[in-house]
Amino acid sequence: MKPTDKRLSPGSFISPGNRHIFISIVLFSLSSATSFSETPKNLLCEWEINPKAVHDPCPEFYWETPSQSAFRIAVAVTADGFDKPVWDITRKSKLPITEYNGPALMNEHTYYWKVWVFDKDGNKYDEPVVQQFTFKYRPMPHFLPSVRTFVNFAGNPEWAKDKIDLCFRKEAKKGRQDILATQYALICTMVIPSKKADDLQKFCEEHGYKFEECFCHFATDTHVTLHVGAELAKNPREKRLCPGWDPKNDRNNDGKVDDSEFKTLINANATAHEMKQARIPIYFWGPPRDDYVMNVGHAGYQEFMAKVHAPEMAEGWDGLYFDTVPTDVASAGRTNPVFEYPRQGDDADKWMRDVQIMFAKMKINMPGKIITANCWGTDPMVIEGFQSEGWMNITHQLSKWKKDIDEMLAYDKRGKIQLIQYNPIYDKELAEFGHKVDGVSCERDKIYGLASYLLAHGNFSYFGFGSHPYAKVTQQWFKAIEFDIGRPMNDYHLVSEKETSTITDRTNLLKNGGFESADKNGKPAEWKPAQPVDLDSVTCHGGQSSSRITSTSKQNNNLNNQYVKLKQQTTYTLTVWIKTENVTGTPGAQIYPYEFDGATGAGPAITLTGSTDWKRYRQVFTTANDGDGRITFRMFGATGTAWFDDIELVEGAIFANTVYAREFTKGLVLVKPYTGGSYGDETASKIELPAEMCPLNVDGSIGTPVKDIRLRNGEAAILVLNLKRGKETGLY
């Protein structure tokens, strides 16, 4: 009998109305017909078999196969309803995990799902049986009336019991049992010496793994400059040369490069005598302690973390919080060659997939535990959520402020826990590492941080306030957090937008900002270009061409610079038009002023990811006593394509007096994001209120009723209904 051809072919399993199909399936290898009988195993929804209470509005689906090049997954309202599914996608992917991204699920309803998987050659595995899950929506609880809160290291039970909902100190539960306590841990790095290192070495010996292979190693000799362990060290950064490891130099395969082999190295750019010397460091704690990057894809390390270390760390806790979890190799391994992660072709995203798989194995072993990670944002996320350490401060300009708010809302709709940390401005006693911002009081800064959070507050987000070293973080708490302004009635929205300008001369201080001329190599003239960058005469905003960056590696950091000499203590406005296509990674496509020492508002403020059409972005900055610097556009830590065009740098400021609002059942929140320049009275704009309202003060008290309010650049207001009117309406 002729075997059935189970290969994936164009259009296979595609329903006519499906708009989510990835047409790229036609690229799969279809050269050989192979028939075999194997079914995907261990099919899980939210890490359980046919769960009866899925609380996540966008649950994860998981399965296991020997290999994978693509999959199709569908969700239906009945077991035989896959001819008209509610969600149906086909993806080219090696990752056997995906996150639901269809229409909102109906609460208390049972759904059915089915997955079709294709091996590395495009052959279809046998179809597994239909699976099911029941959706039961459950927002994260909170103690305070209007917000959900966390403070990383606040463990004093008496202090925590009436303030926070989550922290990294188990003793806080003695004050209130429902406070969530997640144990601090490391997944992508490891400090040596430590109990974790000892346990891993013992595990490797018992299970036949090589301990040294659990680490990541430089592939070539690499100069690194890293922070030392002490926050207040006299010399907080230290330089070292880390030798690289290349097994070709070990010609006799004894695991080391002896003296005779070293004299005639096959790869002279990798001078490690033994693999251990090439470990990638992330901090220089020592001596005797150092912190190293782990090989997260190593089978032994994954098994140890999922079955031994993570369950042991989570015992008696509500879950785990993993620090230092990047989407690519940590520390200096991100932008330098790594032996375990060459990151080429289809394996360019291997680090991220390996971390996702390791998280998945932990969730399978601990489905009831909450797992979050520091600054971890990906799709599928696998775990419950993440902390945004340094999410925002008052110096973030409008484009970045809005990007942070919108991302927070998007993650909340996906049901992802977000520990949102606002970084306060400088205070000699409480925030010595905060930004020094002239004319802004700590009280104004606190209201701005809380109000910004409230514009995006949802069912899974937590508000925190503080920064390194967290020693006095509880002293930064303020009573306004505890005030009841009710529930949000709608999404945040724009209420005022008006531009004012101090520009008298529109002369562009940049040469060839519109990219209309090329140098002898065909690159943008007047700029110091870096690969990969090209002029594009097809896709441009104005004129004849734009500057295009197409990055195929997240290791890319192509600094395209133009150096300028500006006036001291003078305000300038940088504007640019940018278009992006499939920019994936962190941070992404950027343009910014740099190397103007002491400047206010400089540095990377305009950052884009994803796919966006042409849009103008603006950054205002003020030089200090150094007018020499550069304007840089680049793609950093990301893949995809970005186009830059019509870049202008002019003296003076264009202020966008932009105010956003969100109504609550007992009040109103207004935020005027910072748009560069000063924070003074000259930047104030008047906002008429819909009714007489009272400003909420930092100490939780209520101010005098007002009918309008003036907001300066980088200022916010939380307003509550007039107390007298509130009593009349029954709100208070």
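Predicted model only: the values in this text are computed from it and were never measured.
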Under 3.5 Å, side-chain donor or acceptor atoms of residues 377-385 against the rest of the protein: list the pairs with distances, not counting sequence neighbours.
from	atom 1	to	atom 2	distance (Å)
Glu384	OE1	Lys363	NZ	3.3
Glu384	OE1	Ile371	N	2.8
Glu384	OE2	Lys363	NZ	2.7

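Two residues are said to be in side-chain contact when any heavy atoms from C-beta on lie closer than 4.5 Å; His396 and His435 fail this criterion.
Ion pair Arg506/Glu648 flagged as a salt bridge, since at least one NZ, NE, NH1 or NH2 atom sits closer than 4.0 Å to an Asp/Glu carboxylate oxygen. The pair Glu595-Arg630 meets the salt-bridge criterion, since a charged nitrogen lies less than 4.0 angstrom from a carboxylate oxygen. We find that Glu407 and Lys403 are joined by a salt bridge, their nearest charged nitrogen and carboxylate oxygen being less than 4.0 Å apart. Note on Asp56 versus Lys416: salt bridge recorded, some NZ/NE/NH1/NH2 to OD/OE distance being below 4.0 Å. The pair Lys479-Glu482 meets the salt-bridge criterion, since a charged nitrogen lies less than 4.0 angstrom from a carboxylate oxygen. Taking a cutoff of 4.0 Å between a charged side-chain nitrogen and a carboxylate oxygen, Asp628 and Lys565 qualify as a salt bridge. A salt bridge between Arg414 and Glu99 is present, with a side-chain N of the basic residue lying under 4.0 Å from a carboxylate O of the acidic one.
Residues that satisfy the ring-ring contact (aromatic ring centres under 6.0 Å, His included) test with Tyr679, not counting sequence neighbours, are Tyr674. Partners of Gln569 under the side chain to side chain donor-acceptor pair (under 3.5 Å) rule, at least two apart in sequence or in another chain, are Asn625.
With Thr639 contributing its side chain and Ser551 its backbone, the two residues share no donor-acceptor pair below 3.5 Å.
When each of Arg548, Lys523, Lys579 is checked for a salt bridge (Lys or Arg N to Asp or Glu O under 4.0 Å) with Asp536, only Arg548 meets the rule.
When only modelled atom types and interatomic distance are considered, Gln562 and Glu526 share no side-chain donor-acceptor pair under 3.5 Å.
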